[in-house]
Visitor: 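One structure follows; several queries about it will come next.
Predicted model only: the values in this text are computed from it and were never measured.
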Amino acid sequence: MSKQLDPVTQAVRIQTEKTQQQEHSTPLYITSSFTFDEAEAMRAAFADESDANIYSRFSNPNVDEFIKKMCMLEGAEDGFATATGMSAVFSSFFALLQQGDHMVCSSSVFGSTFTVVTKYLPKYGITCTLVPANDEAAWEAAIQPNTKMMYLETPTNPQLELIDLEWAGKFAKKHNLILSVDNCFATPLLQKPIEYGADLVIHSATKWIDGQGRALGGIVVGRADLIKEIYLFCRNTGPALSPFNAWIFSKSLETLDVRMERHCKNALTMAETLQSNPHVSWVKYPFLEGHPQYDIAKKQMTAGGGIICLEVKGGLEAGRKFLDALELLSVTANLGDSRSIASHPASTTHSKLTEEQRLDVGITPGLIRISAGLEKVTDIIADIEQALEKSAL
């Protein structure tokens with residue numbers, strides 16, 4: 001078309017070239033390898049002189065379609081999709097950092113990311129300084145001559161802290177750092193880190209991208225030169241996304257816009273209602289005016305996302321009682337599902353941290369993370385309220 005299509009429309013319409021069957025929906029390319037009509041064509045493919053598919057660990061039409069959509073949504077030059085969100089995180093570190101390098105990382109990150117940067121990177125001679133998310137002086141003080149990467153989440157998991165991406169982009173440029181942003185909670189529809197100077201954007205596609213709790217996957221998008229290094233690392237180490245999961249994610253992107261609209265609307269209504277509940281100490285949501293970084297959220301996000309956090313009065317035991325009393329909400333470690341989910345980070349996703357480490361990043365004993373689903377919001381709230389009543393007994 002002569003008119004430039006909106007990204008939401010492109011997410012629906014971008015599609016692998018039709019086969020001779022003229023299918024309307026992209027077919028599944030469930031194959032481990034691809035054939036060649038002649039030896040020269042195969043040689044050229046292995047020599048990177050053509051874009052021909054060779055092996056599904058390297059590339060696959062279903063995976064390529066998913067990558068193309070995500071690059072379009074994030075405004076990225078290129079991307080590579082992986083088997084899980086954590087393999088995307090891990091691969092971005094090991095492809096771009098080497099022995100003797102140093103990175104700075106927000107202390108408020110997903111539990112597995114925290115483990116990778118504190119336990120596994122040091123084994124390979126890569127050091128990391130953890131920095132409070134919004135302490136600009138601490139970020140500055142953490143820079144060393146060998147610092148190569150700045151890594152952060154915003155909103156953070158699970159505390160929903162916001163980091164000013166405009167500031168982060170300028171800071172990374174000032175110190176010549178690779179800025180890598182985990183954009184999982186916001187999705188590319190609510191926030192575009194590349195517009196603020198991010199070099200890489202990472203997603204766990206398992207979450208909002210899939211949206212129905214079906215498939216594992218991850219993706220890194222960003223600068224083409226950096227993605228090439230990540231591709232080469234993954235091509236040889238093997239954390240490839242399966243064609244079937246890529247097909248699911250690509251189809252899911254067709255409905256991401258309408259789903260996120262409902263998720264965000266439900267989450268905001270839940271947050272506004274629950275902040276006056278007598279059994280709750282506080283409620284945190286990026287688009288609540290009482291959020292500490294509300295102004296940052298309004299500046300860089302188009303909506304507040306589908307996650308709310310609350311502190312149940314009574315601490316650890318009350319938090320456990322609350323989960324046990326839920327009747328509608330699912331109790332599981334996932335998020336971004338069509339079904340509302342509640343979890344207790346202190347005893348699950350961040351249980352590997354010491355109590356001191358958890359408190360340092362705001363994970364209190366009674367903290368409950370709720371992923372707003374697509375159910376009628378009145379039903380979600382009613383279940384949370386009755387569970388809060390029981391947790392107080």
Side-chain angles (χ1 to χ4, degrees), residues 6-8 11 70-76 104-110 131-140 142 150-175 177-203 207-209 221-223 256-257 259-272 275 282-309 335-336 361-362 369 371-372:
D6 186 270
V8 171
M70 288 297 294
C71 286
M72 177 275 300
L73 288 170
E74 286 285 8
V104 286
C105 177
S106 170
S107 56
S108 303
V109 287
F110 178 53
V131 184
N134 286 286
D135 189 337
E136 294 182 11
W139 283 101
E140 190 71 48
M150 179 183 187
Y151 184 90
L152 58 90
E153 298 173 4
T154 182
T156 64
N157 182 8
Q159 312 91 312
L160 297 178
E161 292 182 273
L162 278 295
I163 297 176
D164 188 333
L165 287 172
E166 182 179 10
W167 167 82
K170 293 176 180 177
F171 180 84
K173 184 176 181 179
K174 172 186 174 183
H175 293 287
L177 307 176
I178 297 170
L179 174 56
S180 182
V181 178
D182 183 331
N183 199 30
C184 177
F185 271 26
T187 81
L189 293 186
L190 307 187
Q191 178 175 273
K192 297 184 187 297
I194 289 173
E195 293 182 354
Y196 296 94
D199 300 294
L200 296 174
V201 177
I202 294 176
H203 287 274
K207 311 302 191 295
W208 306 107
I209 301 302
V221 301
R223 277 173 37 193
L256 182 63
D257 179 60
R259 287 188 286 109
M260 289 310 299
E261 182 178 354
R262 179 67 169 266
H263 286 303
C264 295
K265 181 179 179 181
N266 280 357
L268 178 58
T269 301
M270 291 158 60
E272 290 174 338
Q275 63 183 343
W282 49 259
V283 175
K284 187 181 284 187
Y285 181 69
F287 269 36
L288 276 183
E289 290 189 15
H291 190 287
Q293 294 92 40
Y294 173 75
D295 290 340
I296 295 174
K298 294 291 286 188
K299 180 177 75 169
Q300 65 193 31
M301 299 177 69
T302 58
I307 301 290
I308 73 166
C309 289
L335 60 90
V361 294
R369 184 188 72 188
S371 174

Visitor: Pick out which of Ile296, Val181, Leu152 makes a side-chain contact (heavy atoms from CB on, under 4.5 Å) with Ile163.
Guide: Leu152

Visitor: For atom NZ of Lys170, is the number of surrounding heavy atoms from other residues, nucleotides or ligands below 6.0 Å larger than 12?
Guide: no

Visitor: After noting the C-alpha distance and the side-chain angles of Phe287 and His291, does the key distance pass the ring pair (Phe, Tyr, Trp, His ring centres under 6.0 Å) rule?
Guide: CA-CA 7 Å; Phe287 269 36; His291 190 287; 9.6 Å; no

Visitor: Can you find a heavy atom in the side chain of His203 that is under 4.5 Å from one in the side chain of Asn183?
Guide: yes

Visitor: Mark yes or no for whether Thr302, through its side chain, and Leu189, through its backbone, hold a donor-acceptor pair below 3.5 Å.
Guide: yes

Visitor: Under 4.5 Å between any side-chain heavy atoms of Lys299 and Glu166, yes or no?
Guide: yes

Visitor: Could you tell me if the side chain of Met301 sits less than 4.5 Å from the side chain of Leu162, heavy atoms only?
Guide: yes

Visitor: Using the ring of Phe185 (Phe, Tyr or Trp, six-membered ring only), decide whether Lys207 places NZ or CZ under 6.0 Å from its centre and within 45 degrees of its axis.
Guide: no

Visitor: Between Thr269 and Asn266, is any pair of side-chain heavy atoms under 4.5 Å apart?
Guide: no

Visitor: Nearest heavy-atom pair of Gly75 and Ile194: which atoms, and what distance?
Guide: O-CG2, 3.7 Å

Visitor: Determine yes or no for a side-chain-to-main-chain donor-acceptor pair under 3.5 angstrom, with Lys192 supplying the side chain and Pro188 the backbone.
Guide: yes

Visitor: What are the two closest heavy atoms between Leu160 and Tyr285, and how far apart are they?
Guide: CD1-CA, 4.3 Å

Visitor: Could you check whether atom CD of Glu140 has more than 12 heavy atoms from other residues, nucleotides or ligands sitting under 6.0 Å from it?
Guide: yes

Visitor: May I have the step-by-step check of salt bridge (charged side-chain N to carboxylate O under 4.0 Å, His left out) for Lys284 and Glu161, ending in yes or no?
Guide: CA-CA 9 Å; Lys284 187 181 284 187; Glu161 292 182 273; over 6 Å; no

Visitor: Can you name the closest pair of heavy atoms from Ser108 and Glu153 and give their distance?
Guide: O-OE1, 3.9 Å

